[in-house]
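Protein chains get the first letters and strands the later ones, always in sequence-line order, with residue 1 at the start of each. These figures come from a predicted structure and were not determined experimentally.
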Amino acid sequence: MVDIKIKVYNTLSQRMEELVPLEGNRIRMYVCGPTVYDSAHLGHARAAVTFDVIRRFLQNVGYKVTYARNFTDIDDKIINKSRQTGIPPDEIARIYTEEYRRDMDALGVQPPDFEPKVTEHIPDIIELIRILVDKGFAYQSDGDVFFSIKKFPGYGKLSKRTPEEMLAGIRIDINEKKEDPLDFALWKGAKPDEPWWESPWGKGRPGWHIECSAMSMKYLGTSFEIHGGGKDLIFPHHENEIAQSEAATGKEFVKYWIHNGLIQINREKMSKSIGNIINVKDALSRWSREAIRLFFLSHHYQNPADFSERTLDENESALERLYITIKRASDLRKEGSLTEDRELANSLKRFKQSWFEAMCNDFNTADALGDLFELSRAINRSVDSIGWTPTLDEAIKEMKTLGNILGILEYQPDDYLRKEKLSKRPIEITEQEIEELIRERTEARKAKNWKRADEIREYLKSKGIILEDTPKGTIWRIKTN
RNA sequence: GGCGGCGUAGCCAAGAGGUAAGGCAGCGGUCUGCAAAACCGCAAUACCCCGGUUCGAAUCCGGGCGCCGCCUCCA
């Protein structure tokens, strides 16, 4: 059994609640994945990283987590893209699905247990719509099938507005096929040149919301613990999912609704129309994946996160600090005091506990990171004052473990400090040349030829290489900024 | 117009009744041939403003000001 109390903010109740599984210690979570018609951007990345960390944390404290994230691979946007490019819709979907997987992998996001695609679940979707029609929640109208929001009394409970309020601000075109302007499509009759599937209502394709109901219930059951996604999905997407699912099953669909805040660029929404989209690939060409994760995690997941190059640079520097700590502690000779470092042991205990408290408080990664940095300082202090002790090994191990739950500190220190950074800012010098110059400089230093030694260090610095003279010799790393 | 959120040091960002985490940048010191890294120290004295509740408020309440999101495809 899991004996730790985790509090989560539930969008549905608008308050913090204790996370309690519907049964046993199993947590099922479904997160809305991308519509695959274009490259993944930082918004997709944040959602993926947020729930990746939630999943890792829940697993770490002992929950058995089943995680599903869908691909919407048939949709108006895909069809439009196909028209623009001449590439068939299924090919568009295939290209961007693969790209999304590569991008998420590059960000260190672990693949979900299930990644269902809409086009592979048409029969499940049709079956769900049929149930809704049979129960009188949905009606057919000229080849389309609509959900009748009037029939579902709870409509608006997630987004906290009544149908009257929604109607007041409505800007959508009035569709005369609908009985009520707020009704939404479950099934769309095929127009000429559109992909279609056979259904009891004629040729067509699923509406946008029904897929997530059908697929989440298929893989996770008619009721499950966590459903997540970006805040922008609360209405209408998630509101509609609740209506469809609960109308069909008569049961509560999801216990906890979790929504991550959106990425902003210069205090402004990131969007196609503004033209300020930052792709995952572009971000990764400039910053390490862990610096990007650190950027997300240094904000509470519910808050907006304002992107800027400066902030990302700062996160890269901060990450470097942690890796340098690991490196200098790991490089110590395992000799000297075999007794434990009491002070470090106490710090370790304290910061570890504080870290878990932060994570249990609605996955407050920003707070938790503070503990990681404090642990880092405690480790450095121990290295400076005592040197190697068994406690030090333990502290480093723990620091990595806590970092790993956040999906950081997964590199070997040298791989991060040299190779990873090298790939971000190519330098015009080879590792061999660097090593050779370091040897020459070491000789110069032995001869107390400080002029030559400083010359070499300055030269390497101009190439983006930082040298450090340590008791064990000279080490190098790539300059951060 | 309706609904929701935000405003904390030069910058980023936690905290949400008990006297301001952490990171980046900066300054001073220790260490160093000099550096770098690390460590120590300094740095918010009204936490947007004005009132109120309280022994006590950045945290709660009321009123302003500024900014943002959703209501339309969107992570």
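Checked by distance alone, A:Glu374 brings no side-chain donor or acceptor within 3.5 Å of a matching partner on the base of B:G22. Checked by distance alone, A:Asp454 brings a side-chain donor or acceptor within 3.5 Å of a matching partner on the base of B:G33.
On the C1' atoms, B:G51 is 14 Å away from B:A57, given to the nearest whole Å. Between the C1' atoms of B:A43 and B:A20, the separation comes to 13 Å (whole Å). Taking atom C1' on both nucleotides, B:C61 is separated from B:C39 by 46 Å, rounded to a whole Å. Here the separation of B:G2 from B:U72, taken at their C1' atoms, is 15 Å to the nearest Å. Only the P atoms considered, B:G41 is 28 Å distant from B:C48, to the nearest whole Å. Spacing between B:G26 and B:A58 at atom P, rounded to whole Å, works out to 31 Å.
The closest donor-acceptor contact from the side chain of A:Asn364 to the backbone of A:Cys360 lies at 3.5 Å or more, if one exists at all.
Residue A:Arg381 is in sugar-phosphate contact alone, with no base atom involved, counting any heavy-atom pair closer than 4.0 Å across all strands shown. A:Gly43 comes within 4.0 angstrom of a nucleotide base, judged by non-hydrogen atoms across all strands. Within 4.0 Å of A:Lys77, counting heavy atoms only, lie sugar-phosphate atoms of the nucleic acid but no base atom. Base engagement by A:Ile263 is indicated by at least one non-hydrogen atom pair under 4.0 Å involving a base atom.
Considering only side-chain N and O atoms, A:Asn380 lies under 4.0 angstrom from the phosphate OP1 or OP2 of B:C39. For the OP1/OP2 pair of B:C39 and a distance below 4.0 Å, the side-chain nitrogens and oxygens of A:Arg321 include at least one atom meeting the criterion. Distances shorter than 4.0 Å separate some side-chain N or O of A:Arg377 from OP1 or OP2 on B:G23.
The side chain of A:Lys269 lies closest to B:G69, out of B:G23, B:A75, B:G69. For A:Arg161, counting side-chain heavy atoms from C-beta on, the closest listed nucleotide (B:C71, B:A75, B:A38) is B:C71. Listed nucleotides B:C73, B:A75, B:C70 differ in distance to A:Phe235; the shortest reach to its side chain belongs to B:C70.
In this structure, A:His238 and A:Trp257 have tilted ring planes: the angle between them lies in the 30° to 60° band. Ring geometry for A:Phe114 versus A:Tyr219: interplanar angle of 30 to 60°, hence tilted. Using cut-offs of 30° and 60° for the angle between ring planes, the A:Phe356 and A:Phe57 rings count as tilted.
The aromatic ring of A:Phe373 does not stack onto the base of B:G22, failing the criterion of a centre distance under 5.5 Å from the six-membered base ring together with planes under 30° apart.
Only one option out of A:Tyr411, A:Tyr323, A:Trp287 pairs with A:Glu420 in a side chain to side chain donor-acceptor pair (under 3.5 Å); it is A:Tyr411. Screening A:Asn449, A:Asp469, A:Asp454 for a side chain to side chain donor-acceptor pair (under 3.5 Å) with A:Arg441, the sole residue that qualifies is A:Asp469.
Atom CZ of residue A:Arg55 and atom CZ of residue A:Arg69 lie 9.0 Å apart, to the nearest 0.5 angstrom.
Taking the six-membered ring for Trp, A:Tyr9 and A:Tyr256 have ring centres at least 6.0 Å apart. Two rings, from A:Tyr100 and A:Phe71, have their centers less than 6.0 Å apart.
Of the residues in residues 349-367 of chain A, those with a non-hydrogen atom less than 4.0 angstrom from any atom of RNA chain B are A:Asn364, A:Ala366, A:Asp367. At a non-hydrogen distance threshold of 4.0 Å, A:Arg457, A:Ile466, A:Leu467, A:Glu468, A:Asp469 from residues 457-469 of chain A come into contact with RNA chain B. Only A:Ser298, A:His299, A:His300, listed by number, bring a heavy atom of residues 289-302 of chain A to less than 4.0 angstrom from any atom of RNA chain B.
Looking only at atom types and distance, the side chain of A:Thr389 has no donor-acceptor partner in the side chain of A:Asp341 under 3.5 Å away.
Under 4.0 Å is where a charged nitrogen must lie from a carboxylate oxygen, and between A:Asp393 and A:Lys334 at least one such pair does.
What separates CZ of A:Arg452 from C1' of B:C34 is a distance of 16 Å, to the nearest Å.
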